Amino acid sequence: MNMFLCWELIVLFRAVRRCGSLARCTGLPKKEIDQLEAGRSRHDDIHQKVFRNSLLVANFLHHLSIHAGDVLISDKPIHTYTATEMPPKGFATSQIDMFIAEKVGLFKLDILSQRGLGHIKDAVELVWQNRGVRIDITQVERFKKDKGVAAQLRGADTIGCFYIESPGMRQLLKKLRCGDYLTLVAASSIIRPGVSQSGMMKQYIYRFHNPTAFEYLHPKMEELLKETYGVMVYQEDVIKVAHHFGKLDMGEADVLRRAMSGKYRGHKHFEEIRTKYFANCKDEGYPDHITAEVWRQIESFGGYSFSKAHSASFAVESYQSLFLKTYYPMEFMVAVINNWGGFYSRELYFHELKRVGANLHLPCVNNSEGFTNIKGCEVYMGLCHILGMRQELMLALLEQRGKFGAFKHLQDFIERVRPEPEQVHKLIRIGAFRFTGKGKQALLWEADFLLSKAKLHATGNTLFRNEEPVEFELPPLHYDSLDDYLDQIELLGFIVGDPFEMADIDLSKFITACELEKHRGQEVNVIGYLITTKPVHTIKNEAMYFHTFLDQQGNWLDTVHFPQVASQYPIMGRGFYGMRGVVTEEFGVYSVEVHYCRKMGYKQKAEKVDELLKGDRSYIEGGGMICPTNR
């Protein structure tokens, strides 16, 4: 793809991202705003006006922000070079453009922060608390040689592991049959859009498995890139090729490296370097088509390639996570959950926690902590995962339990904690008082009576101190197991049990992910529970999608929805989808190219489920986590 065309597509993508904000200003309903944000605008005057205006503001500054850990170092006080401000957090902050900072001569250090380090630190501590085992997580060389870790990596069983858990990365690991450190270092870089979008990722996989079955583009390319089978994988590769193949000096080669990030597109000096590259290659006698192809590969990096050191450091952290997941999977997954997950939503990490053998329990006022806790194989969800649970109530609950022991019954809880009615209802509906042996309906009735009594006869903390718990004689109350699932969806955002128990369809009509291999090239029917979606745009700017589902056995099911199918049969939020399509295979990895897709219903009370899930875009936009409110 021409570099300038690529840049135009980036601007177009930014414009689509701006459409939502502009559409809200016009008062359009949410459904139409979602359509605009997904790039599916109607051809009416309002939609077209929104889209035209979004193109005008596509490159405008969105908002002033503070980099996660960007440090400027200067020889004089920083206000000598730029204005500073003191934001609420109390750290002197500058709002200088990165390019201006560079031209002025300031040193700029990017110090990045990511949750993977928290996963590792907390997992090591949990292993010590739960199993009494001390782990030296710095023994990376031992982890690299560990056969169990290698098997875990080769099977792409990497959920929760830093940088190697996304659907695309898991597929790449399987295609490479990656089981060693050096291959993982390369994989960490070729998964980046620069290599993958140029088509060279597929070439790398083929050449990796067939190292003698291909020809290098040019003998010089073999000399420079033999380690990576003639494919530019790292930023250093581009510098080597530009310098030794294109005969550019190292300074000019570094400008190309910077251009890979898109920061210098259209830069006059960059265009001069491009012209010089082609002139140098002509002087060297390279065929024009070779020169053009090498340049295409250089510019295809498009800003997303890693340096080799960057990929190597990522791979080290991946190995640390892999070791913990291989030998201490329950503690590791609890640590991932307590650090607010990673690529996926909390639902998948709780699903993974059950898959590795944990006995997962819903929140309980007598066993749960603020965060998820583990003792042996018993895991209790943290109170923080109850949506809308007030922090003040959690602190009061934990304080009372720590000082005076477990709660004996609902009346004891109300007497000691003095909660608001809405908060008690949430705890009852999520099953936090199941230790009483009473049903939710009876507990809700009892709670309303006790809370009304407390309001009428409030006498401080001694309201029920010496009283025996009130006993009620209630008529039989109707219980429907689906109510528990509905409560979980509303109060947690997902179902803790098997979601397919809610599917109102005969599951035997659909094949499972494990059976795809037997149906290669054939049309099949599959059913999946949506986990995450990756939208991409074709060269014609048409939206297509890669979806990831769980099948009825809890295994991964990957699907591809090309533009026509994606437009005709769109994925409409979370839930179950019945799909028909052709099984495809690439380097031993199977997926379904979908031709037809339909959202499936829920057992009974489906209207309520759809209402709860309506408008939830957390799964549509790539697996972002749902953070609890009032943390």
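None of these values were measured; they are calculated from a predicted model. Residue numbers start at 1 and run along the sequence shown. Keep in mind that the numbers below use all heavy atoms, side chains included, and drop hydrogens, waters and symmetry copies.
Closest of all the heavy-atom pairs between G118 and N339 is O-ND2, 3.3 Å. Of all heavy-atom pairs between F494 and R574, the closest is CA-NH2, 3.6 Å. The shortest heavy-atom contact between M381 and S368 is O-OG, 2.8 Å. The nearest pair of heavy atoms linking V334 to T372 is CG1-O, 3.6 Å. Nearest heavy-atom pair, Y163 versus I191, reported as atom, atom and distance to 0.1 Å: OH-CG2, 3.7 Å. Taking all atoms of both residues into account, the shortest heavy-atom contact from A187 to L172 is O-CD2, 3.6 Å.
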Note to self: Between S591 and T584, does the side-chain hydrogen bond (donor to acceptor under 3.5 Å, both in side chains) criterion hold? Intermediate values first, please.
What the structure shows: CA-CA 5 Å; S591 60; T584 61; 3.0 Å; yes

Next item on the list: Evaluate the criterion salt bridge (Lys or Arg N to Asp or Glu O under 4.0 Å) for residue pair K325 and E331; output intermediate values, then yes/no.
Entry: CA-CA 8 Å; K325 182 175 175 64; E331 290 85 356; over 6 Å; no

Check: Given the rule in the side-chain hydrogen bond (donor to acceptor under 3.5 Å, both in side chains) test, do E347 and Y529 qualify, once you have shown the distances and angles that lead to the verdict?
Finding: CA-CA 12 Å; E347 178 178 16; Y529 180 71; 2.9 Å; yes

Check: Going through the checks in order, is the side chain to side chain contact (heavy atoms under 4.5 Å, CB included) test met by Y319 and L184?
Finding: CA-CA 9 Å; Y319 261 90; L184 182 59; 3.6 Å; yes

Note to self: Under the criterion side chain to side chain contact (heavy atoms under 4.5 Å, CB included), I'd like the reasoning laid out for L397 against L383: C-alpha separation, chi angles, the key distance, then a yes or no.
What the structure shows: CA-CA 10 Å; L397 183 159; L383 297 169; 4.1 Å; yes

Next item on the list: Please lay out, stage by stage, how K175 and E586 fare under the test salt bridge (Lys or Arg N to Asp or Glu O under 4.0 Å).
Entry: CA-CA 7 Å; K175 290 174 182 178; E586 187 175 43; 2.8 Å; yes

Next item on the list: Start with the C-alpha distance between R154 and K174, add both sets of side-chain angles, then the distance that settles side chain to side chain contact (heavy atoms under 4.5 Å, CB included), and finish with yes or no.
Entry: CA-CA 6 Å; R154 196 174 297 110; K174 285 185 177 181; over 6 Å; no

Next item on the list: Assess whether side chain to side chain contact (heavy atoms under 4.5 Å, CB included) is satisfied between L173 and T158, documenting all intermediate values.
Entry: CA-CA 10 Å; L173 294 175; T158 56; 4.1 Å; yes

Item checked: Test log, rule salt bridge (Lys or Arg N to Asp or Glu O under 4.0 Å), inputs D157 and R355 -> CA-CA 11 Å; D157 190 0; R355 191 184 71 82; 2.9 Å; yes

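Residues F549 and N555 form no side-chain contact, since every pair of their non-hydrogen atoms from C-beta on lies 4.5 Å or further apart. With contacts defined as side-chain heavy-atom distances shorter than 4.5 Å, the pair W128/E125 qualifies. Looking at heavy atoms from C-beta onward, I495 lies in side-chain contact with I489 at the 4.5 angstrom threshold. You'll find the side chain of V365 reaches within 4.5 Å of the side chain of L427, heavy atoms only.
Side-chain atoms of H547 and T533 include a donor-acceptor pair closer than 3.5 Å. When only modelled atom types and interatomic distance are considered, Y380 and E369 share no side-chain donor-acceptor pair under 3.5 Å.
Side-chain atoms of K534 never come within 3.5 Å of backbone atoms of F546 as a donor-acceptor pair (strictly under, hydrogens ignored). A donor-acceptor contact shorter than 3.5 Å links the side chain of R346 to the backbone of L492. Under the 3.5 Å distance criterion, the side-chain polar atoms of E236 are left unmatched by any main-chain donor or acceptor of V238. Judged purely by atom type and a 3.5 angstrom limit, Y349 uses its side chain to pair as donor or acceptor with the backbone of G342. The backbone N or O of Y234 sits less than 3.5 Å from a side-chain atom of D237, completing a donor-acceptor pair.
Distance check: Y344 OH to I531 CD1 gives 8.5 Å after rounding to the nearest 0.5 Å. Expressed to the nearest 0.5 Å, how far SG of C514 lies from CG of L557 amounts to 10.5 Å. The CE atom of M502 lies 9.5 Å from the CD atom of Q488; values are rounded to the nearest 0.5 Å.
The one candidate from L491, V496, I386 that meets the side-chain contact (heavy atoms from CB on, under 4.5 Å) condition with L362 is V496.
Y181 carries K144 over the face of its six-membered ring, with the cationic atom under 6.0 Å from the centre and within 45° of the normal. W556 carries R170 over the face of its six-membered ring, with the cationic atom under 6.0 Å from the centre and within 45° of the normal.
Between H385 and F371, the ring center distance fails the sub-6.0 Å criterion.
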